[in-house]
Every structure is written in C-alpha cells, then in structure tokens.
Amino acid sequence: MNDYPEIEWREEFRTGISSVDHEHRELVGLVNNVICLMDGDDDDREAVLDALGDLNAKITAHFALEELLMRQASYVDFVPHKEDHEGLLDEIRDIMDAFEGGDYSERRAEFISHLTSWFVTHFSTMDSKLHRAGLDR
Ligand SMILES: [Fe+2]
Ligand SMILES: [Fe+2]
C-alpha cells in the first residue's frame, strides 16, 4: 500500500526557462518513482538503490545547468540556492548510507517526507524565482 501521494506538476513550478522546465518534469517522474518504490510493500532494496542512482545522476546534471545559468547572470541569490541543492544531494547520500548502515527501515518515512517537501518547496520558491530574476531571457 502506498501512503504517500505522488508529486503532481503544478503551474507554480514553471520557471519559463524551457531547458529547466523540461528537466523539472523529468525529475518529478524520477522522484515519484523513488517515492513509490520506497513506499511499496515489497521492500525491494535493489530497485530503490537503482532509482536513487538515476535520480542522483539526473539531478546532479540539472543542478549544474541551473548553477551555470545563475553564474552567467551574476544571480544575487546564487549561494543560498546552491546550498539548497547541496542539501538534497546530502539527503540522497544519507538514504544510500542508511541502506549500508541498516537503519533504512526505521527512517524510511522521514526520507520520503523530506524528498517530497524538498522538491515541492525548492521548485515553487527558489527555482520559480529564477523566472522573476530574468534568467529566462
Ligand atoms: Fe531546478
Ligand atoms: Fe534549483
């Protein structure tokens, strides 16, 4: 049984930067896949680790794109935005470490809620501000 709802695409996520919006839609699909597998009954650790690996690879490339756009525009909030990106990468590493350390099962609900809230909050605040800052020129 799945207790956690999928993240649904919202208009407030739109940045107006087509490359960023395209990647955000892909990322919503990847994170929903991770959440669905983590929340599933069958506790398939290999599948969760594979899905986390896919998310990690895609999001690392995505952060590089956004950080390049911000640097090129001398974006004023570059540092806190990059720090928030690094917070998610730390979270993904924590989940992977929890598999190794054996406390994944106890922390599973915490991980799912952190992942969900990071994406919804980051997309609708920090990323949507990129549009208002004129990075979509
Ligand atoms: Fe983003
Ligand atoms: Fe971002």
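Quick note: residue numbers are just sequence positions, from 1. First listed ligand is number 1; within each ligand, the first listed atom is number 1. Since the structure is predicted, the reported quantities are computational estimates derived from the model, not experimental observations.
The nearest N/O/S atom of Glu66 to the Fe ion (ligand 1) is OE2.
Annotation: the span from Glu46 atom CD to Phe99 atom CZ amounts to 9.0 Å, rounded to 0.5 Å. Atom CD1 in Ile95 sits 9.0 Å away from atom CZ in Arg107 (nearest 0.5 Å).
In this structure, Arg108 contributes its side chain and Met38 its backbone to a donor-acceptor pair below 3.5 Å.
The Fe ion (ligand 1) has no N, O or S atom of His122 inside 2.8 Å of it. Because the distance cut-off is set at 2.8 Å, His62 qualifies as a neighbour of the Fe ion (ligand 1) through one of its N, O or S atoms.
With the Fe ion (ligand 2) as the vertex, OD1 of Asp127 and NE2 of His81 span 80° to the nearest 10°.
Counted within 6.0 Å of CD on Gln72, heavy atoms from surrounding residues, nucleotides or ligands total more than 12; the atom is thus considered enclosed.
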